[in-house]
Amino acid sequence: MSWDRPFAQPVPLPKGPPAQTLRDAASYIRTLPLPERDRQEWRLAIQMLIDAAEDRGPMLFARVGIVRALETRIETTLDRERQGKLKESKVNGDRDASI
């Protein structure tokens with residue numbers, strides 16, 4: 001088992017340096033709030049990391065799992081921001097609220 005296995009290409013993370021290894025990716029996931037970590041896309045990414053660390057799965061799958069979970073996180077954040085702007089425009093009485 002090796003958590004020090006490197007990704008073929010580093011995984012860019014929203015905060016800090018990119019994840020170079022499985023250990024880096026796992027460390028990032030540990031910083032996420034528990035409700036977010038429990039989401040299906042993160043649970044799948046975690047399983048892919050474990051499989052890669054135990055030589056039961058390809059590194060590519062581990063990388064894709066992390067990237068997809070990150071993309072879902074970004075989409076969720078953007079959706080929340082859009083909803084907040086829409087609510088704000090309704091409260092302020094903006095008639096031409098475009099997002």
When rounded to the nearest 0.5 Å, the distance separating CD of E54 from CG of L22 is 11.0 Å

May I ask you to decide if I46's main-chain N or O and R37's side chain share a donor-acceptor pair within less than 3.5 Å?
no

query = Do T72 and R39 pass the side-chain contact (heavy atoms from CB on, under 4.5 Å) test, and can you show the C-alpha distance, the side-chain angles, and the key distance before you say yes or no?
reply = CA-CA 10 Å; T72 302; R39 294 181 61 136; 4.1 Å; yes

On a heavy-atom basis, the closest approach of A19 and A25 is CB-N, 3.8 Å

Rounded to the nearest 0.5 Å, the CZ atom of R5 sits from the CG atom of L49 at a distance of 11.0 Å

In short, R63 meets P12 closest at the heavy-atom pair NH2-CD, 4.2 Å

Applying side-chain hydrogen bond (donor to acceptor under 3.5 Å, both in side chains) to D38 and not counting sequence neighbours gives none

Item to complete: May I ask you to test the Q20-P6 pair for a side-chain heavy-atom distance under 4.5 Å?
Response: no

Residues at least two apart in sequence or cross-chain that pass side-chain hydrogen bond (donor to acceptor under 3.5 Å, both in side chains) with Q9, listed by chain then number, are none

Are I66 and F61 connected in the hydrophobic side-chain network, where two residues link if heavy atoms are under 4.5 Å apart?
no

Evaluate the side-chain proximity of Y28 to P14: yes if any heavy-atom separation is below 4.5 Å, no if none is.
-> yes

- Do the side chains of W42 and I50 join up, straight or via other hydrophobic residues, at under 4.5 Å, putting them in one cluster? yes

Separation between OG1 (T21) and CZ (F7), nearest 0.5 Å, reads 7.0 Å

d(M48 CE, R43 CZ) to nearest 0.5 Å is 13.0 Å

Item to complete: Treating Ile, Leu, Val, Met, Phe, Trp and Tyr as nodes and any side-chain heavy-atom pair under 4.5 angstrom as an edge, say whether V64 and L13 lie in one connected cluster.
Response: no

Taking the side chain as C-beta and beyond, is there a heavy-atom pair between D24 and V11 under 4.5 Å? no

